2 protein chains.
Amino acid sequence: MKNQTAAPSLSAAIADAIRSDIVEGRLLVGDRLPSEAELADQHGVSRATVREALKRLAAQSLIRTERGAFGGAFVNHLSYEEARAQQVTTSTLLLGMNAISFQVACEARYALERSCTALAAERRTDTLLNAMRNEIDTQSTPDLSDEAFCASDVAFHRALVDCAGNEVLSYHLAGSVEAMQPLMNMITFTARSRAEIIDLHRAIVAGLEIRDVASVDRALAILEAYTITLGQSVLKARATR
Amino acid sequence: MKNQTAAPSLSAAIADAIRSDIVEGRLLVGDRLPSEAELADQHGVSRATVREALKRLAAQSLIRTERGAFGGAFVNHLSYEEARAQQVTTSTLLLGMNAISFQVACEARYALERSCTALAAERRTDTLLNAMRNEIDTQSTPDLSDEAFCASDVAFHRALVDCAGNEVLSYHLAGSVEAMQPLMNMITFTARSRAEIIDLHRAIVAGLEIRDVASVDRALAILEAYTITLGQSVLKARATR
DNA sequence: AGACAATTAAATGTCTGACAAATGAAAAAT
DNA sequence: ATTTTTCATTTGTCAGACATTTAATTGTCT
């Protein structure tokens with residue numbers, strides 16, 4: 001009854017030990033780990049095993065390795081970008097593997113996104129508002145591909161969450177919204193639906209500009225309902241085919 | 001234009017290649033990868049290098065390995081629990097390494113948490129409400145340790161987000177709330193502050209019971225303000241010491 | 001003394017070959 | 001028919017070697 005989730009392999013055990021040292025603060029950012037040969041000695045294993053353990057940690061961006069004299073493995077400073085990239089990978093896979101209905105995903109996405117409206121209306125900057133306007137211009141381009149439209153949509157919503165002026169919130173929201181994009185992409189956007197979406201984007205920017213939380217909330221709610229409608233019509237079209 | 005951030009090491013490159021195969025659906029859940037020897041042949045590298053690549057993927061829970069005949073590396077089914085555990089590790093480290101102010105963390109936490117109130121009020125079940133009441137009872141225990149109080153607090157808020165009845169939302173919210181707990185733990189809870197918090201928890205449950213979104217929102221807002229006050233007094237006490 | 005080039009030591013990255021251990025399937029024995 | 005044995009396959013680990021990278025050191029020239 002001791003090894004229910006514990007790793008049966010040495011390399012996993014060593015990785016866990018070092019991971020604990022990092023997460024619990026016994027190893028600090030920038031600290032250099034002993035060389036692979038030393039770690040092998042300390043743990044009584046071969047260098048190959050130690051290397052496998054270090055690669056596990058590197059895969060989680062917990063450490064970075066440098067070659068050459070005075071190189072080695074260093075506790076990595078985890079940047080927002082790295083963390084977000086990992087969160088997106090994990091979440092995207094999770095959503096892709098668990099038969100999430102479009103409606104559930106959509107509901108979650110907009111619920112999360114709405115959590116920043118109050119702060120965004122209060123703190124929005126001209127720089128970010130202009131960024132959002134630029135994305136709207138991009139979205140209005142005729143003959144824009146679906147991928148480009150979606151990419152611009154992500155950029156728009158990312159600017160929206162950045163308006164809240166809270167980096168922690170931006171990290172979580174940007175990660176969740178981006179991870180759900182593949183599900184959102186099940187939709188094919190007609191010219192008609194694009195125009196509808198762009199109008200709502202304009203309403204969001206206008207609401208932020210005059211710091212009117214309610215109108216931003218309303219626009220997001222309509223956008224959510226409209227997106228779900230689009231998703232359902234896609235599913236219906238598939239079912240009858 | 002292909003290798004701007006790409007890893008210069010073979011094992012990282014091979015890991016990336018296989019990761020793409022999984023993320024982009026060329027390998028499906030349950031599929032077995034070629035044996036290490038075959039992969040080594042295919043990529044023209046040694047088995048040790050392939051193994052390092054596989055360990056990177058295993059660290060992200062993308063694959064699992066089984067020993068023995070007809071064993072090998074299989075594309076893993078990523079469960080909500082595994083994904084959440086990884087998200088918590090990453091987010092906790094991110095917050096710990098980036099000098100986040102208590103106020104920013106708190107603001108983000110409650111903003112995210114509030115995103116589930118409307119759905120929670122609509123869909124709350126008796127089972128979850130009772131779970132929340134049980135946590136309140138636990139929190140009311142005299143001589144409860146600070147750790148136990150915090151753990152029960154996390155359980156309470158987790159039940160709250162589960163009330164929204166959206167598993168995707170639960171995943172994201174539970175992950176964010178849990179990751180911020182270490183920052184919240186900077187606070188030491190006096191008997192007075194515990195009573196205050198428990199009262200607010202009761203208000204939240206009562207609000208959910210009668211499906212009164214506004215009262216739940218209000219209680220969360222007060223909880224946020226109160227938590228920030230507690231955090232500031234801790235900082236002030238430290239500064240004058 | 002200072003600037004530049006060559007050397008060197010330390011470390012990771014990779015390869016090779018080997019053996020141990022686990023495991024399911026097939027063959028053999030009962 | 002059932003149990004046991006054997007066996008091939010595959011991962012886990014080890015030991016030793018060489019290649020490559022890199023910063024510090026040393027040497028040389030001005």
Side-chain angles (χ1 to χ4, degrees), chain A residues 1-19 21-22 27 29-77, chain B residues 3-19 21-22 27 29-77:
Chain A
M1 190 69 77
K2 63 174 175 181
N3 273 354
Q4 48 169 351
T5 54
S9 95
L10 285 176
S11 71
I14 293 171
D16 285 343
I18 299 176
R19 187 179 3 255
D21 287 343
I22 296 175
L27 285 171
V29 174
D31 281 359
R32 178 175 172 268
L33 276 65
S35 73
E36 295 174 351
E38 286 177 79
L39 285 171
D41 276 355
Q42 286 176 21
H43 292 89
V45 298
S46 76
R47 210 188 126 209
T49 303
V50 166
R51 278 184 64 78
E52 288 179 12
L54 293 180
K55 293 317 158 206
R56 291 174 189 265
L57 300 175
Q60 295 181 307
S61 301
L62 287 179
I63 61 171
R64 117 195 76 89
T65 55
E66 290 174 13
R67 297 181 65 171
F70 291 76
F74 297 84
V75 178
N76 199 21
H77 175 89
Chain B
N3 273 353
Q4 48 168 349
T5 54
S9 95
L10 284 176
S11 71
I14 293 170
D16 285 343
I18 299 176
R19 191 185 353 261
D21 287 343
I22 297 175
L27 285 171
V29 173
D31 280 0
R32 177 174 173 273
L33 275 66
S35 72
E36 295 174 352
E38 285 178 77
L39 284 172
D41 276 356
Q42 286 177 19
H43 292 90
V45 299
S46 75
R47 210 187 126 210
T49 303
V50 166
R51 280 183 63 79
E52 289 178 10
L54 293 179
K55 293 315 157 208
R56 290 175 190 266
L57 300 175
Q60 295 182 308
S61 301
L62 286 179
I63 62 171
R64 114 195 80 89
T65 56
E66 291 174 13
R67 297 179 66 169
F70 292 76
F74 298 84
V75 178
N76 199 22
H77 175 89

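Since we're looking at a predicted model, the values are computed, not measured. Chain letters run A, B, ... following the sequence lines, proteins first, then strands; residues in each count from 1.
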B:Ser35 side chain: which of C:dG13, D:dT10, D:dG12 is closest? D:dT10
OP1 or OP2 of C:dG17 sitting under 4.0 Å from any side-chain N/O of B:Arg47? no
In whole Å, what is the span from the CD atom of A:Glu66 to the P atom of D:dA24? 12 Å
B:Leu39 CG - D:dT11 C1' separation (whole Å): 13 Å
With side-chain contact (heavy atoms from CB on, under 4.5 Å) as the criterion, how do A:Arg64 and A:Ser61 come out once you've worked through the C-alpha distance, each side chain's angles and the decisive distance to 0.1 Å? CA-CA 7 Å; A:Arg64 117 195 76 89; A:Ser61 301; over 6 Å; no
If you find the nucleotide of DNA chain D closest to A:Glu52 and the one closest to A:Ala69, which residue's nucleotide is nearer the 5' end? A:Glu52
Answer yes or no: is there a side-chain heavy-atom contact under 4.5 Å between A:Ile63 and A:Ile22? yes
Are A:Leu39 and A:Gln42 packed together at the side-chain level, in the sense that at least one heavy-atom pair is separated by less than 4.5 angstrom? yes
Is B:Thr49 close enough to C:dG13 that one of its side-chain N or O atoms is under 4.0 Å from OP1 or OP2 there? no
d(CG, A:Asp41; P, D:dG16) in whole Å: 12 Å
Length of the CG-P vector between A:Leu10 and C:dA21, whole Å: 12 Å
What's the closest nucleotide to the side chain of B:Arg51 if the choices are D:dT13, C:dG13, D:dT10? D:dT13
Mapping A:Gly72 and A:Ala48 to their closest nucleotides on DNA chain C, which lands nearer the 5' end? A:Gly72
Could you state the atom-to-atom distance from NZ of A:Lys55 to C1' of C:dT14 in whole Å? 11 Å
Length of the CZ-C1' vector between A:Arg64 and D:dT21, whole Å: 16 Å
For A:Leu54 and C:dT14, give me the distance from atom CG to atom P, rounded to whole Å. 13 Å
Does the side chain of A:Arg67 get closer than 4.0 angstrom to OP1 or OP2 of D:dA23 through an N or O atom? no
Taking only residues two or more places apart in sequence or in another chain, which ones pass side chain to side chain contact (heavy atoms under 4.5 Å, CB included) with B:Phe70? none
Between C1' on D:dT22 and CZ on A:Phe74, what's the gap in Å once rounded to a whole number? 11 Å
Using a 4.5 Å cut-off on heavy atoms from C-beta on, say whether the side chain of A:Leu33 contacts that of A:Leu54. yes
By nearest heavy atom, map A:Phe70 and A:Val45 onto DNA chain D; which one lands nearer the 5' end? A:Val45
